[in-house]
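One structure below.
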Amino acid sequence: MNSKSDSTPYNAPKHEKKWQKLWEDKKLYDINLKNKKKPYYNLVMFPYPSGDKLHIGHWYNFGPADSWGRFMRMQGHNVFEPMGFDAFGLPAENYAIKTGIPPAASTAKNVEYMVKQLKALGAMYDWSQTVNTSAPEYYKWTQWLFLQMYKRGLAYKKKSPVNWCPGCKTVLANEQVHEGVCERCKREVSKKDLAQWFWKITDYADKLLDYEGLDWPEKTITMQKNWIGRSEGVNIDFPLADEEGVLTCYTTRPDTIYSVTFIVMAPEHPLVKKFIKGTKYAENVKEVASKIRKQTDIERTSEGGKDKLGAFLGKYAINPVNGEKIPVYIANFALMYGTGVVMADAHDQRDFEFARKYKIPLKFVISEDGKPHDPKDANEAHVADGILFDSEKFNGMNNRKALPKMADFLEKKGMGKKTVNFRLRDWLISRQRYWGAPIPVINCEKCGEVPVPEKDLPVVLPRIKDYKPKGKAPLATSAAFMKTTCPKCKGRATREPDTMDTFVCSSWYFLRYPCAHLKSKPFDKEALKAWSPVDMYIGGPEHACMHLLYARFVNKVLFDADLIAHKEPFKRLIHQGMVTKDGAKMSKSKGNVVSPDSFVEKYGSDVFRMYLMFMGPFTQGGDWNDKGITGVARFVQKFWKVVTGPSLSRISPDTRGLVHRTIKKVTGDIEAMQFNTALAALMEFMNAASKEGLDEKSKKIVVQLIAPMAPHLAEQLWSELNGLKPSARTWTSVFDAKWPKFNEKFTAQETIQLVVQVNGKVRGTVEAASDVSKEDALKLAYMQENVQRFLEDKKVVKEIFVPGKLVSFVVKG
RNA sequence: GCCGAAGUGGCGGAACCGGUAGACGCGCACGACUCAAAAUCGUGUUCCUGUAUGGGAGUGAGGGUUCGAUUCCCUCCUUCGGCACCA
C-alpha cells in the first residue's frame with residue numbers, strides 16, 4: 001500500500017518553463033536534416049498571424065499534432081517538426097486601412113507574440129528551420145515559382161470579373177460582401193471586369209484525380225473529386241435558324257435531345273452581345289443581364305434559391321435531330337461552364353421552371369412505362385429515369401442505357417462530339433491588394449509583358465502610405481515601385497501592380513521548411529528526397545478543395561519540371577475537428593475568441609492540451625467550455641503523487657496484467673489518433689495504481705506512455721526516476737527512450753465473464769476460463785438460476801456460443 | 001441548391017468485426033478527515049417500478065434484416081461544415 005506521504009504537489013508552470021528552456025538550450029528538437037535514418041516529416045498547417053493571436057482552436061490542433069510527432073520520435077524516427085507563419089493576407093491590410101499601422105509592423109508584432117505562445121505550448125518545433133511567407137527571402141521564391149509557371153505556359157492573363165463597391169471604389173473579397181452589399185458602406189456590390197492572372201490548374205485536372213498511394217480521408221478525396229468535377233458528355237451543335245453559325249451545347253444528358261424545346265446561354269457568353277446588337281431585344285437583355293451579374297453563382301444555380309431569370313435574344317436555333325425551330329434565351333442558371341450554352345427541356349427542374357415562367361412550350365420523352373405523356377398538366381420536371389418515347393429509333397429503351405448509344409449516334413451523324421468537361425476552373429492568383437507577394441512581371445511599351453529575370457528577384461514589396469485598393473492594386477499608386485526599365489529592350493516600362501493570392505505562398509511552403517537555410521535556391525531536389533513527401537499533414541478540413549488542391553497542383557508541376565522527385569506533397573492527411581464557442585465558429589467579430597494563455601498560466605500546457613484531447617476524438621472537434629479541466633488537473637496530480645511516491649519491490653500479477661494491457665491500449669489509441677481514450681486508459685490505470693502501488697519499472701513505463709501527451713510532466717518524472725539532473729552528462733530525454741512493448745502473455749485475462757442471453761435478452765453472467773469450451777460454457781449457463789426461470793416450460797431451439805463473449809439461447813413455446 | 005459530416009445520461013464522451021449500452025471525466029448526492037472551509041479520500045449516480053433478488057423501457061423519429069442492432073439496410077427529421085478574393 002501507498003503510505004500517506006506528504007509529497008508536494010506538481011508545480012506545472014515552474015517545471016514547464018524549466019524544460020522548455022532546457023530543450024531549447026540542448027537543441028533537442030533541432031534535428032540534423034542530413035541524418036537520413038528513419039526520417040519523419042510531421043507537419044501542421046501553419047497559422048496566419050492574426051491580431052487574435054493563437055486561440056484554443058490552434059491548441060486543439062497543434063497539441064495532438066505535436067503529441068503525434070513525439071510518439072513517432074519515441075518509435076525511433078528522426079522527426080522533423082517545423083513551424084512558421086502564413087503571413088500575407090487581407091486582415092493585416094484591413095487593419096492597416098483602419099489604423100494606419102503598416103501590415104509589416106502589425107504582422108511582425110503578431111508573429112512575435114505567437115512565437116511566445118507556441119513556445120509555451122512546449123512542442124518539439126525546430127525553430128532553426130522556420131518560414132515567414134511575408135519575408136523577402138521567402139516571397140523571392142514564391143515569385144520564382146510564378147516564373148516557373150510562366151515559363152511553362154501555366155500562367156496567363158485574362159479579363160475576369162471582381163466584386164466592385166461603387167461606394168468605396170474598391171475591389172472586395174467575397175467575405176466583404178454580405179447579401180450583395182458592401183460590409184463597410186452597405187452599398188450594392190457589382191461585378192467589374194479586370195485583367196487578372198490565372199494559373200492553369202485545369203491542365204492538371206486529370207492528374208489531380210489520381211490519389212494513388214495517398215493515405216487521405218475518403219471524404220476529402222471525394223470533395224476534391226467533386227470539386228474537379230470530371231463529367232463525360234457531348235457537345236451538340238444546334239445550327240442557327242436564319243443565319244450562318246452554330247450554338248454548341250454541352251450536355252451530360254444526350255438522351256433528352258428529342259425533348260429539347262429551347263436553348264439558354266450564360267449572359268457572359270461573347271455571342272450574346274453580337275446577337276442583340278441593334279435589335280429591339282437589346283435593352284431588355286442588357287437589363288436582365290446586369291441583374292444576373294449581381295447574383296452569386298450559388299443564387300443563380302440553386303433550385304430552391306432565387307427565381308429563374310432570363311430574356312429572349314430574338315434568335316432561333318434548329319434542334320439537329322428533329323429540325324424543330326427553338327428559341328434562344330439568356331438565363332441566370334446558365335454559367336460559363338462547358339460551352340456556356342445549354343440545351344433545355346422538360347426533364348430538368350431548372351429548365352422546366354424557366355419554361356413555365358417565360359411560357360416556352362415543353363415536351364416529355366421519358367416516362368415510367370414508355371407511354372407518351374404531356375407536360376401540359378405537370379407542375380414539375382420529370383427527372384426520374386424511365387423508358388423513352390417520341391425519340392425515333394430509341395423509343396422503348398431505358399434512357400440510361402440509351403444514353404451512350406445516343407452519344408455515338410450524334411457523333412456518327414456529325415451533330416455532336418463526345419467531350420469531357422471539368423467543373424474545376426483555372427486558379428485566379430492575382431489580387432488587387434497590397435499585402436502580398438508582387439507578381440514578377442514587367443509591362444513594356446515595346447515588348448509587352450516581360451517576366452522579371454530570376455536574378456532580379458525578389459521584386460520587393462515597397463512601403464506605401466495608402467493601402468486601399470481602388471480598382472487598381474494599391475501598388476499602382478507608388479511611382480517609385482511602378483517605374484522600371486524593360487529587361488529586354490532597356491526601355492521605359494512599368495511593373496505589374498497586382499500581388500499574389502496567399503494560397504500561392506502556402507502552396508509550396510512544405511518544400512521550404514527542410515531547405516529554409518538555403519540562400520541560393522528555394523529547395524534542393526537531393527536534400528528533399530529524405531524529407532518528401534510530408535509523412536503526416538494535419539490541418540482543417542476547410543482546406544480540402546483549395547490549399548490542398550493547389551499544393552498538389554504546384555507539387556505536380558515541379559515534379560514534371562524535374563525540380564523535385566516526388567509526385568504528391570502529403571502522404572498522410574488528417575483533419576482535426578473544429579472547436580466552437582456556444583455552438584458558433586470563433587471569430588473576432590462575434591467576440592467569442594477564447595485565448596489559451598490564462599489556462600496555460602494556471603494549469604500548465606500539459607493539462608491544457610490533455611484537456612483539449614480529452615474533450616473527444618481529435619477529428620471531431622467540439623464546443624469549448626472549461627468545466628472539466630479540473631478533472632485533468634486532478635489526474636496530473638494523482639499521476640505525480642503515484643510516480644514520486646514509494647516504489648514496491650514487485651507488483652502483483654494483476655497489476656502486471658494491467659500494465660501490459662495499458663501499454664497495448666495506449667499504443668493502439670495513439671496510433672489511431674484516439675488521444676481521448678488513450679488518456680481514459682491512463683486514468684483507469686492510475687485509479688488502480690494509486691491503490692495498489694507500482695514498482696520502478698512500471699513507473700517508467702507509464703511515464704513513457706504519457707510522455708507524448710504530457711511532455712513536461714514526463715520529462716520531469718523521467719529525470720527523477722533515473723536520479724539524473726539535466727546537467728548530468730548521462731542525462732537523456734524521455735523522448736529518446738524507446739517506446740515500451742507489451743507482452744501478449746500478460747495482457748490476456750485468465751477468467752472472463754460470459755453473458756447469458758435468452759431470446760436476445762441478458763439474463764445473467766457466468767465466470768469462466770477465457771478458453772472455456774462450448775460444452776462447459778453451456779453447462780455453466782444452464783446452471784444459472786435466473787436463466788432457468790426463463791427456460792422453464794420452453795423449448796430451446798438453438799444454442800449460440802461466441803467464445804469470450806456470450807452464450808445465447810433461443811426458446812419457443 | 002450542390003457536396004460532406006454528425007445525432008447516445010444533467011454535460012463532454014466510450015462501446016473491437018452485430019454480442020452486458022453509458023468506460024473515462026465533469027457535475028450532483030451522501031459519507032470520512034476538519035472548529036470550519038479548501039484540498040484529498042470513499043460510496044452512489046440513464047429512466048420507470050420494487051425493501052431487495054428481480055422486471056420493464058432506452059442510443060434523433062419510423063420501419064426492416066437478425067437469436068441479438070448505437071453498429072447493417074430503407075424512409076424521414078434536426079444540427080453543423082465547405083462552395084473558388086478569409087486563411
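First the proteins, then the strands, lettered A, B, ... as listed; each starts at 1. Note that the structure is predicted; figures quoted are calculated from it, not measured.
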Report task. Using a heavy-atom cut-off of under 4.0 Å over every strand shown, decide if A/Gln432 touches base, sugar-phosphate, or nothing. Result -> base
Query raised in the report: Could you run down nucleotides 53-58 of chain B 5' to 3' and tag each one B, S or - for protein heavy-atom contact under 4.0 Å?
Result: -SSSS-
Report task. Indicate the ring-plane relationship of A/Phe333 and A/Phe354, choosing parallel, tilted or perpendicular according to the 30° and 60° boundaries. Result -> perpendicular
Query raised in the report: Would you say the side chain of A/Gln757 and the base of B/rG19 hold a donor-acceptor pair, judged only by whether the two atoms sit under 3.5 Å apart?
Result: yes
Query - Steps toward salt bridge (Lys or Arg N to Asp or Glu O under 4.0 Å) verdict (A/Glu744, A/Lys664) - result: CA-CA 9 Å; A/Glu744 288 285 358; A/Lys664 187 177 180 179; 3.6 Å; yes
Query - Any-strand Watson-Crick or G-U partner of B/rC72, both distances under 3.5 Å - result: B/rG64
Query raised in the report: Across all strands shown, which nucleotide pairs with B/rC17 by Watson-Crick or G-U wobble geometry, both distances under 3.5 Å?
Result: none
Query raised in the report: Is the phosphate of B/rG27, meaning OP1 or OP2, less than 4.0 Å from a side-chain N or O of A/Arg634?
Result: yes
Query raised in the report: Between A/Trp508, A/Phe503, A/Trp227, A/Tyr509, which is the residue that forms a ring pair (Phe, Tyr, Trp, His ring centres under 6.0 Å) with A/Tyr550?
Result: A/Phe503
Query raised in the report: Should B/rA36 form a Watson-Crick or G-U wobble pair with both distances under 3.5 Å, which nucleotide is its partner?
Result: none
Report summary line: Against the side chain of A/Met223, the closest entry in B/rG27, B/rG4, B/rC24 is B/rG4
Requested in this report: List the steps and the verdict of side-chain contact (heavy atoms from CB on, under 4.5 Å) for A/Phe198 and A/Trp427.
Outcome: CA-CA 5 Å; A/Phe198 288 84; A/Trp427 177 10; over 6 Å; no
**Report entry** Side chain of A/Thr677 (C-beta onward), nearest among B/rG12, B/rA15, B/rA84
**Finding:** B/rA15
Query raised in the report: Do A/Tyr211 and A/Glu218 have side-chain N/O donor and acceptor atoms under 3.5 Å apart?
Result: no
Report task. Identify whether any heavy atom of A/Asn676 sits under 4.0 Å from a base atom; if not, whether one sits that close to sugar-phosphate; answer base, sugar-phosphate or nothing. Result -> sugar-phosphate
Requested in this report: Would you mind classifying the nucleic acid contact of A/Gln674 as base, sugar-phosphate or nothing, using non-hydrogen atoms under 4.0 angstrom?
Outcome: nothing
Query - Sugar-phosphate only, base, or nothing, as touched by A/Thr630 at under 4.0 Å among non-hydrogen atoms - result: sugar-phosphate
Query raised in the report: So what does A/Phe614 hit on the nucleic acid, given a heavy-atom distance under 4.0 Å: a base, only sugar-phosphate, or nothing?
Result: base
Requested in this report: Determine which nucleotide pairs with B/rU46, using a 3.5 Å limit on both distances of a Watson-Crick or G-U wobble pair.
Outcome: B/rA57
Requested in this report: Assess whether one donor atom and one acceptor atom, taken from the side chain of A/Lys805 and the base of B/rC16, lie less than 3.5 Å apart.
Outcome: yes
Query raised in the report: With both distances under 3.5 angstrom, what nucleotide forms a Watson-Crick or G-U wobble pair with B/rU51?
Result: none
Query raised in the report: Quantified in whole Å, what is the P atom distance between nucleotide B/rU49 and nucleotide B/rA32?
Result: 30 Å
Requested in this report: Go through B/rU20, B/rG19, B/rA87 for me and flag the one nearest to the A/Val802 side chain.
Outcome: B/rG19
Query raised in the report: Just checking A/Phe635: base, sugar-phosphate only, or nothing, at a heavy-atom cut-off of under 4.0 Å?
Result: nothing
Query raised in the report: Counting any heavy atom closer than 4.0 Å, what does A/His547 reach on the DNA or RNA strands: base, sugar-phosphate only, or nothing?
Result: nothing
Query raised in the report: How far does OG1 of A/Thr644 sit from OH of A/Tyr10, to the nearest 0.5 angstrom?
Result: 11.5 Å
Requested in this report: Considering only atom P, compute the distance from B/rC30 to B/rA39 and round it to an integer number of Å.
Outcome: 16 Å
Report summary line: note: A/Lys158, atom NZ; B/rA84, atom C1'; distance rounded to Å ~ 13 Å
